[in-house]
Amino acid sequence: MFISNAYAQTAAADPGIMGSLTTFLPLILMFVVMYFLMIRPQQKRQRELKAMMEALTKGDEVVTAGGIVGRVSKVTDGYVSLEIATGTDITVQKNAVTTLLPKGTLKAL
């Protein structure tokens with residue numbers, strides 16, 4: 001009277017390989033898009049930055065992460081000495097150097 005009859009549900013058909021693929025297709029597409037929009041450009045930027053740090057030589061004009069502009073006076077394995085004013089040298093880590101400026105930029109400042 002108050003309770004309705006419960007009937008057993010029929011077994012679902014096997015979706016097969018195409019059904020499984022369409023289930024995961026949005027997830028796969030999202031990963032591919034993320035790779036090309038985020039991961040790949042970041043890896044390219046890291047390679048360029050590493051090549052720039054390895055190519056630092058005495059006399060290069062650089063900008064550090066803190067915004068200090070100076071001329072490289074000495075390069076060691078992990079550190080760079082910068083001449084920020086006549087007779088004033090500071091030592092920073094190589095990875096603090098973010099930009100390599102064109103020659104003559106310090107004279108224009």
Side-chain angles (χ1 to χ4, degrees):
M1 167 186 239
F2 293 110
I3 300 175
S4 61
N5 293 333
Y7 297 102
Q9 212 173 7
T10 59
D14 184 30
I17 189 89
M18 288 304 290
S20 298
L21 184 63
T22 57
T23 303
F24 291 109
L25 190 62
L27 183 62
I28 293 168
L29 286 174
M30 189 178 354
F31 179 75
V32 170
V33 168
M34 293 292 268
Y35 176 77
F36 282 106
L37 291 179
M38 294 178 69
I39 298 170
R40 194 163 176 231
Q42 179 65 25
Q43 288 174 343
K44 182 181 177 187
R45 174 76 176 129
Q46 285 177 343
R47 280 192 305 270
E48 291 172 354
L49 196 59
K50 184 177 179 182
M52 188 259 314
M53 280 191 270
E54 290 173 356
L56 282 177
T57 59
K58 183 177 178 178
D60 286 343
E61 297 173 1
V62 297
V63 177
T64 66
I68 298 172
V69 180
R71 182 175 289 115
V72 176
S73 60
K74 180 180 165 188
V75 179
T76 60
D77 288 337
Y79 296 93
V80 175
S81 292
L82 298 179
E83 182 180 7
I84 56 174
T86 306
T88 306
D89 283 353
I90 61 171
T91 303
V92 296
Q93 290 182 335
K94 261 190 180 179
N95 59 7
V97 176
T98 58
T99 308
L100 184 62
L101 299 173
K103 299 283 184 186
T105 304
L106 289 178
K107 290 180 183 176
L109 296 177

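Heavy atoms only: backbone and side chains are in, while hydrogens, waters and symmetry mates are out.
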- prompt: When clusters are formed from ILVMFWY side-chain contacts under 4.5 Å, directly or step by step, what else is grouped with Phe31?
  reply: none
task: Go through Lys94 and Val75 one step at a time and tell me if the side-chain contact (heavy atoms from CB on, under 4.5 Å) criterion holds.
output: CA-CA 9 Å; Lys94 261 190 180 179; Val75 179; 3.6 Å; yes
Report all side-chain donor-acceptor pairs from residues 79-92 shorter than 3.5 Å, counting only partners two or more places apart or in another chain.
none

message: Can you pull out every side-chain hydrogen bond (donor to acceptor under 3.5 Å, both in side chains) where at least one residue sits in residues 52-78? Sequence neighbours excluded, please.
response: Thr57-Asp60, Asp60-Lys103, Glu61-Arg71
- request: With sequence neighbours left out, write down each residue that passes side-chain contact (heavy atoms from CB on, under 4.5 Å) with Leu29, or none if nothing qualifies.
  value: Leu25
task: Sorted by first residue and then second, give each side-chain hydrogen bond (donor to acceptor under 3.5 Å, both in side chains) pair with at least one member in residues 22-47; sequence neighbours left out.
output: none
message: Run the side-chain contact (heavy atoms from CB on, under 4.5 Å) test on Leu56 and Leu100 for me, step by step, so that the C-alpha distance in whole Å, both residues' side-chain angles and the decisive distance to 0.1 Å come before the verdict.
response: CA-CA 8 Å; Leu56 282 177; Leu100 184 62; 4.1 Å; yes
field: Co-members of the apolar cluster containing Leu109 [side chain, <4.5 Å]
entry: Val63, Val69, Leu101, Leu106
